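A short worksheet on the structure shown next.
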Amino acid sequence: MKQCPRCQQYVDDYSSFCSRCGQDLRTETRPGTPPPIHTYTDRTDNPFDSYGPEGKCRGVAALFAILLGSLGIQYFYLGKTTAGILSIVLSLVTCGIWQVITIIQGIMMFSMTNEQFYEKYVMNPATFPLF
């Protein structure tokens, strides 16, 4: 049930007009309604906002690089499977030292903007985008 703003009559939720006064209920016009408040999702520097139709978040990719970088999970997430496999091989060959490089890469992903991340890691045709 909803209430008519003019006569305070309760009407069904699916009603378009008030049965008592004929008020149009499709657009609610209440005086003094504040404008909508912009939330943090309107900012372009939010690391967990997806950018572009691919929907790849730089925050998720950066967390993958920091936490699971030696397994190349960030590259698999970005759709670069060759780089993911190469990252696993480099981690095995260097006995885990490769993890330091991926931690630096994750920190750099957090520090760049969504547009820079999208151009460097998502749209870049390179097989192994490191820095």
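The figures here come from the full heavy-atom set of this structure, side chains too, leaving out hydrogens, waters and symmetry mates. What you see is a predicted model; the values in this text were computed from it and never measured.
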(message) Give me each pair satisfying side chain to side chain donor-acceptor pair (under 3.5 Å) with a member in residues 66-80, each pair once, sequence neighbours excluded.
(response)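 As it turns out, the side chain to side chain donor-acceptor pair (under 3.5 Å) pairs with a partner in residues 66-80, which skip direct neighbours, are S70-Q99, Q74-Q105, Y75-Q105.
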Going by the rule side-chain contact (heavy atoms from CB on, under 4.5 Å), which residues pair with [X] if we only count those two or more places apart in sequence or in a different chain?
X: L92; answer: I88
X: Q116; answer: M112, T113
X: T94; answer: I97, W98
X: L67; answer: none

(request) Hydrophobic side-chain clustering at under 4.5 Å (ILVMFWY, transitive links): who's grouped with V93? Put none if nobody. (result)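 Noted: V93 shares its cluster with V89.
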(request) For the residue pair V11 and C4, establish whether any side-chain heavy-atom pair is separated by less than 4.5 Å. (result)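 Contact flag for V11/C4 side chains = no.
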(message) Is the shortest side-chain heavy-atom distance between T82 and F128 below 4.5 Å?
(response)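 The answer is no, as the side chains (C-beta and beyond) never meet within the 4.5 Å cut-off.
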Separation of [Y] [atom2] from [X] [atom1] (nearest 0.5 Å):
X: S87; Y: L68; atom1: OG; atom2: CG; value: 10.5 Å
X: Q8; Y: R20; atom1: CD; atom2: CZ; value: 9.5 Å
X: I66; Y: I104; atom1: CD1; atom2: CD1; value: 11.0 Å
X: Q9; Y: C18; atom1: CD; atom2: SG; value: 5.5 Å
X: I73; Y: L63; atom1: CD1; atom2: CG; value: 13.0 Å
X: Q23; Y: Q3; atom1: CD; atom2: CD; value: 12.5 Å

(request) Might you confirm whether atom OH of Y10 has over 12 heavy atoms from other residues, nucleotides or ligands at distances under 6.0 Å? (result)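 No, not enclosed.
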(request) State yes or no: do I107 and M109 share one hydrophobic cluster built from I, L, V, M, F, W and Y residues joined by side-chain heavy-atom distances below 4.5 Å, directly or via other members? (result)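 Yes, same cluster.
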(message) Please enumerate all residues that pass side-chain hydrogen bond (donor to acceptor under 3.5 Å, both in side chains) together with E119, with sequence neighbours excluded.
(response)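 Expected list: none.
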(message) Tell me every residue that passes ring pair (Phe, Tyr, Trp, His ring centres under 6.0 Å) with F76, counting only those two or more places apart in sequence or in another chain.
(response)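 Per chain and number, F76 pairs via ring pair (Phe, Tyr, Trp, His ring centres under 6.0 Å) with no residue.
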(request) Look at the side chain of R58 and the backbone N and O of F110, then say whether any donor-acceptor pair between them is shorter than 3.5 Å. (result)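 Yes, the answer is positive, given that a donor and an acceptor are paired below the 3.5 Å cut-off.
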